[in-house]
Amino acid sequence: MRRKVIAGNWKMNMTPSEAVKLVNDLKANVANTAVDVVFCVPAIDIVPVVEAAKGTNICVGAENMYIEEKGAYTGEISPNMLVDAGVSHVIIGHSERRQYFKEDDEFLNKKVKKAIEHKLIPIICCGETLEQREEGVTLTFVKGQIKAAYEGVSAADALNTIVAYEPIWAIGTGKVATTEQAEEVCASIRKDLEEIYDADTASKIRILYGGSVNGSNAAELFAQENIDGGLVGGASLKPEFANIVNY
Ligand SMILES: O=C[C@H](O)COP(=O)(O)O
């Protein structure tokens, strides 16, 4: 039985003081020990959010990281900085990073391996554009992203990763994928992982759905056989996030 993960991705929202207020407003209501709750927050919010979340079941995640430990990489954050600050998860390869910051599969694979090396749990994002869905290449495209992300990752390490399937056309648009569409791709990702590793390993890796998840659609999505929770954007910034955690 895979334990569900409900992760919020705050994206570029919340100043440090707003962040602390949000955690304080939400923490009592997300104390659902039946699921893993992760707040992935902007780098500047990590330290105050870790502090505000102390004594709760909230794990703190980063939205990004670089692949070096330290040095002349102006503006970047290293995995060891994240660990030292109390971070446990890190989002890798969100479509916004792929699109706006030109992060490609090869670079993202390096990030996945670096995160694992530092015992950070990578939340590995994948997902197709609307054009790709309309062309009927969704499953092959996503398979390519998964194969690239896990290149050189052992089965034992893969167990400490999470996949987030996020169709790009459903992100921030209010257009949620139907449960059938989401389940079809998540099931296909599990098959891809089975091909890369084995059935046992694939059956243990959590696969999340992301894209306009809200308090009303979460329960139906999370009831699907291969959907082990959600990566939530907009709704993670509102009291509604508690309804998703307690779906
Ligand atoms: O990482 C989260 C996703 O991009 C989903 O964002 P959204 O819930 O605002 O559609």
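Both ligands and their constituent atoms are indexed starting at 1 by order of listing. Just the heavy atoms: all of them, side chains too, but no hydrogens, waters or symmetry mates, feed the values below.
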Contact check, Ala170 vs ligand 1, heavy-atom distance below 4.0 Å: yes

Ala149 to Ile124 - nearest heavy-atom pair and separation: CB-CG2, 3.7 Å

Subset of ligand 1 atoms that lie under 4.0 Å from at least one heavy atom of Gly172: 7 (P), 9 (O), 10 (O)

Per-atom contacts, ligand 1 versus Glu166 - under 4.0 Å to a heavy atom: 1 (O), 2 (C), 3 (C), 4 (O), 5 (C)

Residue pair Leu221 / Ala182: nearest heavy atoms and the distance that separates them: CD2-CB, 4.0 Å

Atom pair OH/CD1 of Tyr165 and Ile207 - distance to nearest 0.5 Å: 12.0 Å

Ligand 1 atoms in contact with Ser212 (distance to a heavy atom under 4.0 Å): 7 (P), 8 (O), 10 (O)

Taking atom 9 (O) of ligand 1 as the reference point, the nearest protein heavy atom with its distance: Gly234 N, 2.8 Å

Polar atom proximity, Leu231 to ligand 1 (N or O, under 3.5 Å): no

Donor-acceptor side-chain pairing of Glu128 and Trp169 below 3.5 angstrom: yes

Interfacing atoms of ligand 1 (cut-off 4.0 Å, heavy-atom, Gly211): 5 (C), 10 (O)

Selected option - heavy-atom contact closest to atom 1 (O) of ligand 1, from Ile244, Ile168, Asn9: Asn9

Top protein contact for atom 8 (O) of ligand 1, by heavy-atom distance: Gly233 N, 2.9 Å

Short N-O contact, Glu69 and Lys114, less than 4.0 angstrom: yes

Co-membership, hydrophobic cluster, residues Ile171 and Val213, 4.5 Å side-chain: no

SB check Lys147 Asp105 (cutoff 4.0 Å): no

N or O contact, Thr173 vs ligand 1, cut-off under 3.5 Å: no

